[in-house]
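Inspection log for the structure reproduced underneath, given as structure tokens.
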Amino acid sequence: MAESSGAELATESTIQRCANSGSGEETDYVDRSISEPNKKNSLIRKMVEILLAEWESQSKGEGKIIDFHMPDELKKLFKLELLEAGTPDEELLPICRSIVDLSLHAGHPGYFNQLWGGLDEYGLLSAWMVEALHTSVYTYEVAPLFSLMEQYIVRYVGGEIVGFPEVDKVDGLFNPGGSLSNILGMHLARYNLNSSVKTKGNNVFEKPLVILTSEESHYSLQKGASVLGIGTDYVWKVATDTNGRMLPQKLEERIAEAKTTGLTPLLVSATSGTTVLGAYDPIEEIAEICERNGIWLHVDAAWGGAAMLSSKLRPLVKGIERADSVIWNPHKMLGLPLQCAMFLTRHKHLLLECNSNKSSYLFQTDKPYDSEYDIGDKTFLCGRKNDALKFWLTWKARGKFALTAAVENAFDMAEYFANLIRDREGFHLVLPKVQCTNVCFWYIPPKLRKHVDWNSESFKEALGKVAPALKRRMLDQGTIFIGYQPIEHRKLPNFFRLVVHCNPQPTRESMLYVVTEFERLGADF
């Protein structure tokens with residue numbers, strides 16, 4: 001990675017910037033009008049070379065994960081001002097270079113901070129193709145191949161991977177993220193309960209609606225309840241076991257409570273791979289309860305859904321094929337480019353009925369082809385990114401066997417890391433068993449090790465200050481990058497969450513490196 005600073009690279013142009021625009025004074029001006037593209041495209045070609053070199057470098061673990069600066073400092077390093085006149089290419093190149101240098105390098109093998117990370121090479125290629133081909137996948141006429149590709153993937157994943165029993169009834173879409181997919185599941189469940197809600201709103205329901213989900217579930221359910229007018233107070237949390245899995249008996253109790261207090265249970269959202277603990281809710285038992293009570297079952301498998309690929313890991317999601325809707329984000333564990341997120345349902349036509357507006361300037365019925373290929377009317381969005389290509393090309397190149405092996409390796413390496421620190425001085429696992437590829441643990445620095453008392457509030461308070469301090473040191477040094485959080489309802493002080501991805505391929509050496517880096521970074525705490 002280049003060592004030059006953003007301040008040096010993002011210099012002000014020597015050409016006067018029309019500071020007195022409109023004053024009548026003569027001003028030098030760079031003509032940047034939109035016309036024929038530069039046939040040489042030299043800036044694009046040079047940046048492609050830079051980006052490829054950067055991707056290769058970070059994948060090898062070279063350089064820092066991030067050249068981190070506090071906001072006020074970064075504002076001084078990089079000039080954000082937009083001016084009247086354009087900037088010549090010879091000055092844009094160092095500016096673009098500085099953008100690369102001042103950005104996070106999530107493909108670095110020391111990056112374990114979020115549920116997304118790394119970047120598959122075929123995914124990178126597909127993402128560049130998406131931008132270069134520049135279309136919106138809402139009508140067949142402007143995205144013929146990509147419309148067919150998306151529909152094929154939906155049926156393939158719904159039938160072969162999720163395992164919905166009737167493939168011809170599978171429907172779905174790619175969405176810009178798992179949060180929107182969760183909201184779409186709530187939206188669809190509400191329409192399925194009473195289709196008049198589309199035209200008349202929530203007042204068609206005699207009783208308030210309530211959504212039930214585990215206390216470890218994703219916050220997008222609360223946001224969805226707010227967006228849909230259900231209200232965040234009507235997202236009821238269900239208690240979990242010590243591993244963070246929803247307790248079916250507690251779910252039944254909450255459903256009964258909702259009914260006796262005059263509420264209508266709309267949807268149960270089970271999670272396959274919770275955000276922090278990586279817990280897999282027992283879908284089979286939850287499905288039984290939902291079917292018995294006539295409640296829509298939604299499964300948020302955005303993170304842990306990769307387990308569906310493996311026969312060895314499939315028991316984690318047992319019963320997922322009984323769900324009414326499922327979401328899965330291949331941009332997470334598989335390392336596909338952001339964003340690549342699927343919503344799948346076993347109720348064909350429901351998406352179209354729920355969301356169609358039959359806009360006459362897009363979704364005409366007298367086109368020369370079957371209008372069912374105009375898939376954009378199945379969502380409440382308009383413009384749609386071509387995310388299907390990212391999934392299709394990566395799968396086409398890798399094949400299911402290689403992708404499955406990568407997922408299984410990620411699970412194995414998470415287990416290996418947990419075993420590395422299980423009895424190691426200075427480390428303490430939050431949960432004894434790793435469920436997904438999240439490994440949650442405390443690092444106890446030398447000065448605290450003589451005072452370990454898990455019943456002591458003062459010890460927990462002191463321990464809770466370790467993670468923010470160590471994270472600051474990680475940001476400064478850029479060798480590893482791992483997130484932390486508390487869990488208030490479990491009264492757990494700040495702890496680290498190591499997230500193992502498929503890409504770049506984790507190894508025993510990379511897991512041991514994380515351990516030794518913790519010991520180095522925290523030695524004087």
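This is a predicted model, so every value here is computed, not measured.
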Residue pair [X] / [Y]: nearest heavy atoms and the distance that separates them:
X: P109; Y: S59; value: CD-O, 3.8 Å
X: C440; Y: V276; value: SG-O, 3.2 Å
X: T437; Y: M333; value: OG1-CE, 3.7 Å
X: P468; Y: Y484; value: CB-OH, 3.5 Å
X: A301; Y: I320; value: CB-CD1, 4.3 Å
X: A467; Y: N494; value: CB-CB, 3.9 Å

Lys/Arg-Asp/Glu bridge criterion (N-O < 4.0 Å) met for [X], [Y]:
X: E166; Y: R346; value: no
X: R254; Y: E215; value: no
X: K385; Y: E131; value: yes
X: K76; Y: D72; value: no

To the nearest 0.5 Å, what is the distance between [atom1] on [X] and [atom2] on [Y]?
X: C436; Y: L316; atom1: SG; atom2: CG; value: 7.5 Å
X: E291; Y: I289; atom1: CD; atom2: CD1; value: 10.5 Å
X: H69; Y: L77; atom1: NE2; atom2: CG; value: 5.0 Å
X: S179; Y: D300; atom1: OG; atom2: CG; value: 8.5 Å
X: T271; Y: D281; atom1: OG1; atom2: CG; value: 5.0 Å
X: F459; Y: L448; atom1: CZ; atom2: CG; value: 6.0 Å

* **salt bridge (charged side-chain N to carboxylate O under 4.0 Å, His left out) contacts in which one or both residues fall within residues 401-412, not counting sequence neighbours** =>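 Listed by first then second residue: K312-D412.
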* Listed once per pair and sorted, the salt bridge (charged side-chain N to carboxylate O under 4.0 Å, His left out) pairs that draw on residues 485-512, sequence neighbours left out -> E216-R490
Tell me if the [atom1] atom of [X] is crowded by more than 12 foreign heavy atoms within 6.0 Å.
X: K447; atom1: NZ; answer: no
X: K223; atom1: NZ; answer: no
X: F380; atom1: CZ; answer: yes
X: E56; atom1: CD; answer: yes
X: D423; atom1: CG; answer: no

What I'd like to find out is whether the side chain of [X] reaches to under 4.5 Å of the side chain of [Y], using heavy atoms alone.
X: F525; Y: K465; result: no
X: L104; Y: I65; result: yes
X: H108; Y: F481; result: no
X: N192; Y: D324; result: no
X: L492; Y: P486; result: no
X: H428; Y: V452; result: no
X: L429; Y: V434; result: no
X: F164; Y: K169; result: no

Just to verify, what does [X] make a side-chain contact (heavy atoms from CB on, under 4.5 Å) with, not counting sequence neighbours?
X: P315; result: none
X: S181; result: N175, I327, F343
X: Q58; result: E54, H105
X: Q339; result: P176, H331

* Among residues two or more places apart or on two chains, list those pairs meeting ring pair (Phe, Tyr, Trp, His ring centres under 6.0 Å) that have a residue in residues 269-319. => W296-H347
* To do: If a pair satisfies ring pair (Phe, Tyr, Trp, His ring centres under 6.0 Å) and one of its residues is in residues 398-422, list it, with sequence neighbours excluded.
  => F417-F441
Listing, residues 114-122 side-chain donor-acceptor contacts under 3.5 Å, not counting sequence neighbours, or none:
residue : atom : partner : partner atom : Å
D120    : OD1  : Y122    : N            : 2.7
D120    : OD1  : G123    : N            : 3.3
D120    : OD2  : R398    : NE           : 2.9
D120    : OD2  : R398    : NH2          : 3.1

* Asked: What residues form a side chain to side chain donor-acceptor pair (under 3.5 Å) with N113, not counting sequence neighbours?
  -> K471
* To do: State which residues pass side chain to side chain donor-acceptor pair (under 3.5 Å) with Q435; sequence neighbours excluded, sorted by chain then number.
  => none
* Asked: Judged by atom type as modelled, is there a donor-acceptor pair below 3.5 Å linking the side chain of S310 to the main-chain atoms of A307?
  ->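 No; zero donor-acceptor contacts below 3.5 Å.
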* Asked: Between the side chain of R190 and the main-chain N/O of L228, is any donor-acceptor distance below 3.5 Å?
  -> yes
* To do: Kindly determine whether I487 and L277 satisfy side chain to side chain contact (heavy atoms under 4.5 Å, CB included), including the steps that lead there.
  => CA-CA 10 Å; I487 299 183; L277 298 177; 4.0 Å; yes
* To do: Could you give me the CA-CA distance, side-chain angles and deciding distance for V100 and S103, then say whether side chain to side chain contact (heavy atoms under 4.5 Å, CB included) is met?
  => CA-CA 5 Å; V100 174; S103 294; 5.9 Å; no
* To do: Just grab all the side chain to side chain donor-acceptor pair (under 3.5 Å) pairs involving residues 513-523, residues at least two apart or on different chains.
  => R424-E519, Q477-R520, T479-E517, E517-R520
* **Matching residue for T394 among L336, L124, L389 - test: side-chain contact (heavy atoms from CB on, under 4.5 Å)** => L336
* Asked: Are the ring centres of W395 and Y156 closer than 6.0 Å?
  ->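 Yes, the ring centres sit under 6.0 Å apart.
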* To do: Under the side chain to side chain contact (heavy atoms under 4.5 Å, CB included) rule, what do H489 and K237 come out as? Steps first, then yes or no, please.
  => CA-CA 11 Å; H489 65 267; K237 298 298 182 71; over 6 Å; no
* To do: Apply salt bridge (charged side-chain N to carboxylate O under 4.0 Å, His left out) to E150 and R384, showing your working.
  => CA-CA 12 Å; E150 182 162 346; R384 300 186 67 244; 2.6 Å; yes
* Asked: Please walk me through it: do L344 and W328 pass side chain to side chain contact (heavy atoms under 4.5 Å, CB included)?
  -> CA-CA 8 Å; L344 304 162; W328 178 35; 5.6 Å; no
